[in-house]
Amino acid sequence: MKDIIQIKNISFNYPDQPLLFDKLSMDVHEGEWTAIIGQNGSGKSTLARLIDGLIVLKSGQIVVDGLTVNDENIFEIRNKIGMVFQNPEDQFVGATVEDDVAFGLENRQVPREEMHRIVEKSLRQVGMWEFRDRIPANLSGGQKQRVAIAGIVALSPKIIILDEATSMLDPRGRQEILSLVNEIKKQNKLTVISITHDIDEAAGADWVIVVNNGAIVEEDKPDNIFGDIEKLESIGLSAPFTSQLMTALKARGIDSHSQYLNDERLITWIKKLISTK
């Protein structure tokens, strides 16, 4: 499997601060959803900004789709990456939803007829075409994130980075956005990186990287990461609800004999359990 992002022995610190990363290395597989989790201040968001070239390394190398992140390649690299931030209002520049999604295409001098076609397709893809004449600031939190995602999808990136993109949403809104991004990922064969402290969000990823104090403490499939509640708690992270429920059931003599089950598999197991009673 191709590594679309390679992070090689990077070191970084903010001015007048100790090293946050000291020779850190990791890879992101093409076409996968990788979740990077950790406490606030662990370096998750800094890592996303280093990948996109928004801040500069002290030493080491980051390669995105075969291109080293540097001044020479920065514009081409940013064409490959779309970032969705915690507050979508930070990304809005247009007077209307339609204008906002068109902004990036205008900067690329896309012909007007083609631009209108792409904007409509992108807004329909996220379920926001009927809101095209609305003022972005007047939308709900979930709708704002949908518009932000549409603006990124319109530019056809290969990688989408969600930087705490669901943290301001309620549970229902969070799940809607995650389902939407997963659908877009499949349709467009994208690589997704989710920077989050929401364990339940990370549980739906293909691969999970746990960061603590600027270092990778573990990386594995969700089944293996979230099956060890004690280890998660030792670095200040809570276990997903499904893991907590399985532990509670096991304490009552009901054991699935599995290390970890995601929401769908847990529901299937419970239904099967009830049907045998």
Side-chain angles (χ1 to χ4, degrees), residues 1-15 17-86 152 155 157-165 167 181 185 189-199 201-222 224-226 231-232 235-237:
M1 184 177 294
K2 176 184 175 182
D3 292 327
I4 195 167
I5 296 175
Q6 298 167 299
I7 297 175
K8 306 176 182 180
N9 297 315
I10 65 169
S11 296
F12 174 81
N13 65 290
Y14 291 103
Q17 296 291 323
L19 278 175
L20 177 59
F21 298 123
D22 187 10
K23 297 182 179 179
L24 179 143
S25 296
M26 59 170 273
D27 298 317
V28 174
H29 302 315
E30 185 173 33
E32 285 192 347
W33 186 312
T34 297
I36 301 177
I37 64 173
Q39 289 182 301
N40 290 334
S42 61
K44 307 185 304 298
S45 291
T46 298
L47 198 53
R49 285 159 172 74
L50 286 167
I51 291 170
D52 199 40
L54 294 172
I55 50 181
V56 181
L57 285 172
K58 181 176 181 179
S59 64
Q61 184 185 49
I62 297 177
V63 179
V64 177
D65 198 28
L67 295 173
T68 300
V69 178
N70 56 30
D71 290 343
E72 181 182 350
N73 297 326
I74 194 63
F75 291 109
E76 190 172 352
I77 285 171
R78 287 180 182 166
N79 285 338
K80 295 175 181 287
I81 299 174
M83 289 190 69
V84 184
F85 296 99
Q86 183 180 42
I152 286 169
L155 298 174
K158 298 185 72 171
I159 302 161
I160 288 182
I161 299 178
L162 306 176
D163 188 5
E164 303 282 7
S167 62
V181 173
K185 170 186 175 292
K189 298 180 181 179
L190 300 174
T191 301
V192 175
I193 300 173
S194 177
I195 308 293
T196 183
H197 61 263
D198 187 318
I199 301 300
E201 176 180 330
D206 299 307
W207 192 256
V208 178
I209 298 174
V210 184
V211 179
N212 191 45
N213 295 324
I216 294 174
V217 295
E218 191 168 6
E219 56 178 315
D220 209 330
K221 294 181 179 179
N224 298 326
I225 295 287
F226 299 124
K231 188 167 186 177
L232 287 172
I235 56 174
L237 296 173

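Nothing fancy with the numbering, it's 1 onward along the sequence.
In this structure, the side chains of T46 and Y14 come closer than 4.5 Å at one or more pairs of heavy atoms. A 4.5 Å side-chain heavy-atom check between D52 and R78 finds at least one atom pair inside the cut-off. Within the 4.5 Å cutoff, the side chain of S167 has no heavy atoms near those of the D198 side chain. In this structure, the side chains of I159 and L190 stay at 4.5 Å or more apart for every pair of heavy atoms. Using a 4.5 Å cut-off on side-chain heavy atoms (C-beta onward), I161 and V84 make no contact. No side-chain heavy atom of T34 sits less than 4.5 Å from a side-chain heavy atom of I5. No side-chain heavy atom of N13 sits less than 4.5 Å from a side-chain heavy atom of P18. Using a 4.5 Å heavy-atom cutoff, the side chains of D220 and F226 are not in contact.
In this model, no donor atom of one side chain and acceptor atom of the other lie less than 3.5 Å apart for Q39 and H197. At a cut-off of 3.5 Å, with distance as the only test, no side-chain donor of E30 or T191 sits close to an acceptor on the other residue. Remark: the S45 side chain and the E164 side chain contain no N/O donor-acceptor pair separated by less than 3.5 Å.
Although no hydrogens or angles enter the test, the distance criterion places no donor-acceptor pair under 3.5 Å between the side chain of K8 and the main chain of G60. In this structure, the side chain of S11 does not engage the main chain of S59 through any donor-acceptor pair within 3.5 Å. In terms of modelled atom types and a separation under 3.5 Å, the side chain of N70 and the main chain of N73 share a donor-acceptor contact.
Considering only residues two or more places apart in sequence or on other chains, E218 meets the salt bridge (charged side-chain N to carboxylate O under 4.0 Å, His left out) condition with K231. Remark: D163 pairs with R49 by the salt bridge (charged side-chain N to carboxylate O under 4.0 Å, His left out) rule, at least two apart or across chains. Legend: residues meeting side chain to side chain contact (heavy atoms under 4.5 Å, CB included) with D65, ordered by chain and number and at least two apart, are K2, I4, K80, K158.
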- [ ] Decide yes or no on side-chain contact (heavy atoms from CB on, under 4.5 Å) for D3 and V28, but give the supporting numbers first.
- [x] CA-CA 5 Å; D3 292 327; V28 174; over 6 Å; no
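The CD1 atom of I36 sits 4.0 Å away from the CD1 atom of I195 when rounded to the nearest 0.5 Å. To the nearest 0.5 Å, the span separating CG on N212 from NZ on K44 amounts to 10.0 Å. Interatomic distance, CD1 of I55 versus CZ of F12, reported as 4.0 Å (0.5 Å rounding).
Environment of CG in N213: sparse, with no more than 12 heavy atoms of neighbouring residues, nucleotides or ligands closer than 6.0 Å.
Screening V69, I62, N9 for a side chain to side chain contact (heavy atoms under 4.5 Å, CB included) with L57, the sole residue that qualifies is I62.
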